[in-house]
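Worksheet: the structure to be examined is printed underneath.
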Amino acid sequence: MNAQGATGHLFLEMNEGPKVREALADGAVLLRAFALDGEAGLRTAIERIGSRAPFRHMTTPGGYRMSVAMTNCGRFGWVTDRRGYRYEPMDPDSGCPWPSMPAVFLDLAERAAREAGYAGFVPDACLINRYEPGARLSLHQDLNEEDFDAPIVSVSLGLPATFLFGGEDRVDRARRIRVLHGDVAVWGGPSRLFFHGVAPLKDGDHNVMGRQRINLTLRRAR
Ligand code: SIN
Ligand code: FE2
């Protein structure tokens with residue numbers, strides 16, 4: 001929003017609930033503020049994961065350095081390098097398994113998926129994306145999972161971002177959805193392979209996350 005409130009005060013773009021759901025497409029829903037309760041527990045878990053598997057800028061198969069910094073937790077982690085996009089059980093930087101999936105991630109993912117109509121979701125991989133001002137993620141499909149029956153659960157924390165949600169073809173017009181701290185998007189079923197991305201992050205200072213946006217995407221890789 002970033003607008004003048006009724007009182008004349010400039011108010012921050014903040015997620016204050018109430019929890020509402022917005023349909024994004026057939027099979028895709030945005031659960032506003034769904035992760036707000038318990039967000040401190042998510043932040044503690046992200047700090048632990050980042051201390052064991054530091055965020056890094058991976059390289060695309062075409063040789064570009066990604067502007068988003070990434071790490072993972074769970075049995076598998078999503079990686080990219082000159083050899084391609086894939087899931088790996090080990091962190092290539094350390095040679096060690098990725099940090100385990102925190103119970104708070106599993107619980108949030110299961111509840112959000114159920115709320116979106118996908119009961120019984122048990123993710124085995126969580127990609128953690130860190131966007132600093134200017135970082136972006138171009139339109140892509142999540143295609144590296146073994147089967148597409150399970151949905152994707154995507155949790156936004158920190159600075160507001162513009163989430164792009166398109167269709168089954170790259171050229172389909174993408175909706176631009178403002179996502180705030182605590183919002184959770186879920187897509188599966190008929191929209192499981194829809195193109196999506198994130199517009200370049202605008203600078204700002206979030207009251208608990210500072211100058212960054214963190215996104216968790218919980219997936220079933222195998
Ligand atoms: C992703 O597609 O992996 C991340 C999407 C986001 O950061 O909202
Ligand atoms: Fe994605």
Side-chain angles (χ1 to χ4, degrees), residues 15 22 24-25 27-35 39 42 46 49-50 55-58 60-61 64 66-74 76-80 84-88 98 105 108-109 112-113 116 123-146 148 150-170 172 174-189 191-202 204 206 209 211-221:
N15 224 340
E22 292 169 28
L24 298 177
V29 63
L30 181 66
L31 305 170
R32 290 278 182 203
F34 194 85
E39 59 84 37
L42 300 179
I46 293 164
I49 294 161
F55 286 90
R56 79 288 308 259
H57 294 272
M58 298 187 199
T60 67
Y64 292 100
M66 295 189 77
S67 60
V68 179
M70 298 174 167
T71 186
N72 290 278
C73 67
F76 302 100
W78 186 88
V79 299
T80 173
Y85 304 129
R86 62 194 180 276
Y87 283 96
E88 289 283 1
W98 297 102
F105 285 19
L108 172 62
D124 58 7
C126 179
L127 173 65
I128 307 177
N129 294 314
R130 187 182 68 204
Y131 298 77
E132 287 178 332
R136 61 188 289 270
L137 195 60
S138 52
L139 281 179
H140 66 278
Q141 297 168 290
D142 291 356
L143 285 175
N144 301 118
E145 299 72 32
E146 241 158 46
F148 302 132
I152 303 286
V153 172
S154 168
V155 181
S156 291
L157 296 169
L159 288 177
T162 301
F163 181 57
L164 310 169
F165 198 73
E168 57 191 358
D169 295 311
R170 185 179 290 279
D172 290 344
R175 290 183 55 176
R176 299 172 66 86
I177 302 125
R178 201 79 177 136
V179 285
L180 305 181
H181 185 73
D183 288 346
V184 180
V186 182
W187 61 95
S191 52
R192 173 61 180 76
L193 297 181
F194 277 19
F195 280 87
H196 58 279
V198 177
L201 192 78
K202 284 215 193 101
H206 187 267
M209 299 282 296
R211 283 183 75 197
Q212 60 174 348
R213 169 177 185 258
I214 299 258
N215 169 263
L216 313 175
T217 46
L218 294 125
R219 301 116 180 268
R220 181 87 201 167

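Only this structure's heavy atoms are used, side chains among them; waters, hydrogens and symmetry mates stay out. We count ligands from 1, going down the list as the structure has it; atoms in each ligand are counted the same way. Quick caveat: nothing in here was measured; it's all calculated off a predicted structure.
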Under 3.5 Å, is there a donor-acceptor pair linking the side chains of R219 and Y87? yes
Do H206 and Q212 get their side chains close enough for a donor-acceptor pair, meaning under 3.5 Å? no
Identify, with sequence neighbours excluded, every residue that meets salt bridge (Lys or Arg N to Asp or Glu O under 4.0 Å) alongside R213. none
Identify which protein N/O/S atoms are less than 2.8 Å from the Fe ion (ligand 2). H140 NE2, D142 OD1, H196 NE2
Is it true that the NZ or CZ of R175 lies under 6.0 Å from the centre of F165's six-membered ring and within 45 degrees of the ring axis? no
So, taking the atom named CD1 in I214 and the one named OG in S156, what distance separates them when rounded to the nearest 0.5 Å? 11.0 Å
Per-pair distances, ligand 1 N/O vs protein N/O, less than 3.5 Å:
unit_1	atom_1	unit_2	atom_2	d
ligand 1	2 (O)	H140	NE2	3.1
ligand 1	2 (O)	H196	NE2	3.0
ligand 1	3 (O)	N129	ND2	3.4
ligand 1	3 (O)	R219	NH2	3.3
ligand 1	7 (O)	Y131	OH	2.5
ligand 1	7 (O)	R213	NH1	2.9
ligand 1	7 (O)	N215	OD1	3.3
ligand 1	8 (O)	R213	NH1	3.4
ligand 1	8 (O)	R213	NH2	2.9
ligand 1	8 (O)	N215	ND2	3.3

For the pair D172 (side chain) and E168 (backbone), establish whether a donor and an acceptor sit closer than 3.5 Å, ignoring hydrogens and angles. yes
Contacts of F148 that satisfy ring pair (Phe, Tyr, Trp, His ring centres under 6.0 Å) - sequence neighbours left out: none
Taking the six-membered ring where the residue is Trp, are the ring centres of Y85 and W78 under 6.0 Å apart? yes
Hey, is R211 close enough to E132 for a salt bridge, meaning N to O under 4.0 Å? no
